[in-house]
Amino acid sequence: MGEMRLDPTTRAWILVESHGHNDVCEHNHDGCPFCPGNEHLTPDAIHTIDNGKGWIARAFPDKKPVFRIELDEAKQGEGLYDRMMNRGAHEVIVENPSHGTTLANISEDDISYIFDMYAKRILDLKQDKMIRHINIFKNQGRATGAAIEHLHSHLVASPVIPTRIEQEMRWAKHHYDMKERCLFCDIIRQEIRDGRRIVMENKDFIAFCPFASIFPYEVWIAPKLHNSSFEKDIVTKDRQMSLAQIMKGVIKCIEGITPHYHIVMHNVPNEETERFDRSIFKTLRQDFHWHFEIHPLAHEVIRPHRGNEFHINPVTAERAAEGLKRQV
Ligand SMILES: [Zn+2]
Ligand SMILES: [Zn+2]
Ligand SMILES: [Zn+2]
């Protein structure tokens, strides 16, 4: 059981865990809990995608959730401090039946089903008005803390917006207020004009190393056409396949550098939330632009601790893009 505490100096909600969380159900002696035939080792599926021969992706609740749907969200004060129950949802998405693969070596068709699963789970969870944000992320490789070597992601639906997303929303709105243009659309236009930081592009998506990358070989993947919401954008098989093509290509490049990386989706918060502050974020649909961020663990990055907020990255985005392109 955990709770959330608000740091009044940063307005960041901190999740306080009593049981600690590393990764889903641990490996046990019956084999991999994510392999076909071992479904009884995981909770029942909430959603399954089938290709006619069996499941291709499965979503189920995490056995050690960091957020729980059955809790009351009741906010409590303690003097000037705020705390909240960790109400929300935490699901695991097993993304392919075969064991030990990565996005680099399954088919684009298989990857398109994963995106279909993401869109369906987000749409379903966003019907819950207590859920403010849904975060989907993948830890690939031992160094990222992944305990099971079977392709999967975590979905965390929380009653608050993660600090990093809120920061992006604020600066995107700031840019929009000044220029009436989406910050990310402007970034994409400039990257296409410049070309030095582009790793890959197709008709719909662009993959580039962000100008001020935190992680060496960091890559962002974004739609060229403006859209704030992944689940409203990646709906048709054509869009899913197009995104799958870029994702697979980028992951192949990254795996040429390191097998350890995080993939995180940055998506618009739940606009249905009753408490959604429309006065602050009323242009969210125009100013926020969904994207994936891929954070490789390639070198020892000097991680900032509080009080030392500077990240030190030894590889510039321009050199990173060149290095990544050499991997194919
Ligand atoms: Zn497995
Ligand atoms: Zn945009
Ligand atoms: Zn982002």
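We use all heavy atoms of the structure for the numbers below, so side chains are in, but hydrogens, waters and symmetry mates are not. When a ligand or atom number is given, it counts from 1 through the structure's own listing order.
With waters neither drawn nor counted, the protein N/O/S atoms under 2.8 Å from the Zn ion (ligand 2) amount to 4. If you count the protein N, O or S atoms nearer to the Zn ion (ligand 1) than 2.8 Å, you get 4.
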Practice prompt. Decide side chain to side chain contact (heavy atoms under 4.5 Å, CB included) for F230 and I136; before the verdict, give the C-alpha distance in whole Å, the side-chain angles of both, and the deciding distance to 0.1 Å.
Written response: CA-CA 11 Å; F230 176 90; I136 296 183; over 6 Å; no
Worksheet item: Step by step, would you call Y176 with F288 a side chain to side chain contact (heavy atoms under 4.5 Å, CB included)?
Response: CA-CA 9 Å; Y176 190 85; F288 193 79; over 6 Å; no
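The Zn ion (ligand 3) lies at the vertex of an angle of 110° between the ND1 atom of H266 and the NE2 atom of H291 (rounded to 10°). Angle OE1 (E168) to the Zn ion (ligand 3) to OE2 (E293): 150°, rounded to 10°.
Using a distance-only test at 3.5 Å, with no hydrogens or angles considered, a donor-acceptor pair links the side chain of T316 to the main chain of R319.
Among E271, E272, E231, the one residue that satisfies the salt bridge (charged side-chain N to carboxylate O under 4.0 Å, His left out) test with K126 is E231.
Using a cut-off of 4.0 Å between Lys/Arg side-chain N and Asp/Glu carboxylate O, K120 and D124 are scored as not salt-bridged.
Between T101 atom OG1 and I106 atom CD1 the span is 5.5 Å, to the nearest 0.5 Å.
Heavy atoms from other residues, nucleotides or ligands lying under 6.0 Å from NZ of K224 number more than 12.
Using the six-membered ring where Trp is involved, H266 and H291 have ring planes that are perpendicular, over 60° apart on the 30 and 60° scheme. The aromatic rings of F34 and H152 lie perpendicular to each other, with more than 60° between the two planes, well past the 30° mark.
Y113 carries K237 over the face of its six-membered ring, with the cationic atom under 6.0 Å from the centre and within 45° of the normal.
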